[in-house]
Amino acid sequence: MKNLAIGMFDSGVGGLTVLKEVKELLPYENIVYLGDTARVPYGNRSPRTIVRYALESALFLLTKGIKILVIACNTSSALALNILSKKMPVPVIGVIEPGAKEAARVTRKKKVGVIGTKATIKSNAYEYSIKKFDPVVEVISKPCPLFVPIVEEGLEAEDVAYTMAEKYLKEIKISGVDTLVMGCTHYPVLEGVIRDVMGPQTHIINTGKETAKEVKSCLQRRGQLRTKGSGSARYFVTDSPDTFKEIGSRFLKEELSRIRYIKSLDYKDFILS
Ligand code: DGL
């Protein structure tokens with residue numbers, strides 16, 4: 001069981017920011033990552049579609065032999081964690097709760113900002129989760145949909161990134177939060193810009209980092225943590241492996257290899273192929 005892989009999925013390349021943290025904290029683990037690059041972005045889609053895509057991705061990863069499933073996508077975690085936790089035969093970890101827990105822990109002013117995709121913010125999943133850890137905390141949320149294409153186009157150090165960050169973060173900044181949750185996989189790539197705009201006093205929460213800690217403690221509890229050997233990562237994508245390799249290598253800051261294209265996430269198709 002220990003030697004089975006950690007399964008992770010995201011709508012595309014974004015989840016690699018979560019994978020990066022998992023790899024760093026758990027260097028001996030084997031990881032199977034699925035990026036549904038043919039259908040990205042999920043962030044503007046309806047809850048029903050997001051849940052369907054999440055179920056398809058989870059089923060695909062189950063066929064690869066996994067000991068734990070990480071929903072490395074905030075949008076999918078916001079809408080599909082409950083259903084996947086009920087349906088999957090392995091533990092399921094989303095990125096929302098670990099980030100929410102850390103935000104509730106570090107805020108002194110009891111005021112937390114949350115940024116994410118439209119679907120994540122509309123779901124109120126972060127607010128719900130933060131209040132579960134500390135009901136007194138006030139949450140101010142803002143969707144930042146243009147951050148995703150800015151990062152995917154490699155524009156994170158350009159003026160456009162600063163202009164949009166000033167615009168999106170204005171209300172949150174004025175509200176006087178002392179903590180900000182980066183509630184989308186792509187935002188850690190913009191962390192420098194976000195820090196510059198929010199100022200040095202603000203705690204910036206990287207949900208991927210917190211999720212990696214949660215994965216570690218879950219595996220430890222279950223006696224399934226690999227503590228030796230060499231770790232590995234392989235990738236499955238539903239669109240061009242070349243594009244994934246190019247953008248993903250930028251995200252991970254290392255050259256990606258072992259990327260395989262899969263034509264369909266329809267269970268009937270991949271189980272027969
Ligand atoms: N991975 C998504 C998230 O974390 C961002 C990209 C998308 O909209 O699919 O919410």
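Indexing begins at 1, ligand by ligand and atom by atom, following the structure's order. Values below: every heavy atom of this structure, side chains too, minus hydrogens, waters and symmetry copies.
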For this session: With the side chain counted from C-beta on, respond yes when C218 and I68 share a heavy-atom pair under 4.5 Å apart, and no when they do not.
Result: yes
Problem set entry | Enumerated ligand 1 atoms positioned under 4.0 Å from heavy atoms of G43 | 7 (C), 8 (O), 9 (O)
Exercise. Which ligand 1 atoms are under 4.0 Å away from a heavy-atom of S11?
Worked result: 1 (N), 2 (C), 6 (C), 7 (C), 9 (O)
Exercise. Looking only at heavy atoms, is any part of N74 under 4.0 Å from ligand 1, and if so is it the side chain, the backbone, or both, or is it neither?
Worked result: both
Exercise. Would you call the rings of Y168 and F147 parallel, tilted or perpendicular if under 30° counts as parallel and over 60° as perpendicular?
Worked result: perpendicular
Exercise. Which ligand 1 atoms, with their elements, are less than 4.0 angstrom from a heavy-atom of D10?
Worked result: 1 (N)
Exercise. How about Y53 and Y42: are their ring centroids closer than 6.0 Å?
Worked result: yes
Exercise. For ligand 1, which part of C184 has a heavy atom less than 4.0 Å away: the side chain, the backbone, both, or neither?
Worked result: both
For this session: Look at the aromatic rings of H186 and F251 and report parallel, tilted or perpendicular, splitting at 30° and 60°.
Result: perpendicular
Exercise. Would you say G116 touches ligand 1, if touching means a heavy atom closer than 4.0 Å?
Worked result: no
Exercise. In terms of atom number and element, which parts of ligand 1 are under 4.0 angstrom from non-hydrogen atoms of Y42?
Worked result: 7 (C), 8 (O), 9 (O)
Exercise. Does at least one non-hydrogen atom of G14 fall below 4.0 angstrom from an atom of ligand 1?
Worked result: no
Exercise. Cut-off 3.5 Å, side chains only: do T17 and T185 have a donor facing an acceptor?
Worked result: no
Exercise. So do the side chains of N30 and I6 get within less than 4.5 Å of each other, counting heavy atoms only?
Worked result: no
Problem set entry | Atom NZ of K118 with >12 non-hydrogen neighbours under 6.0 angstrom | no
Problem set entry | Atoms in ligand 1 with a heavy atom of T117 nearer than 4.0 Å | 5 (C), 8 (O), 10 (O)
For this session: Report yes if H186 has an N/O atom closer than 3.5 Å to an N/O atom of ligand 1; otherwise report no.
Result: no
Exercise. Atoms of ligand 1 less than 4.0 Å from V40 heavy atoms?
Worked result: 9 (O)
Exercise. Does the side chain of D178 reach to within under 4.5 Å of the side chain of T202, using non-hydrogen atoms?
Worked result: no
For this session: Between T75 and ligand 1, find which residue part has any heavy-atom pair under 4.0 Å and reply side chain, backbone, both or neither.
Result: both
Exercise. More than 12 non-hydrogen atoms from neighbouring residues, nucleotides or ligands closer than 6.0 Å to CZ on F133, yes or no?
Worked result: yes
Exercise. Does the N or O separation between T185 and ligand 1 drop below 3.5 Å for any pair?
Worked result: yes
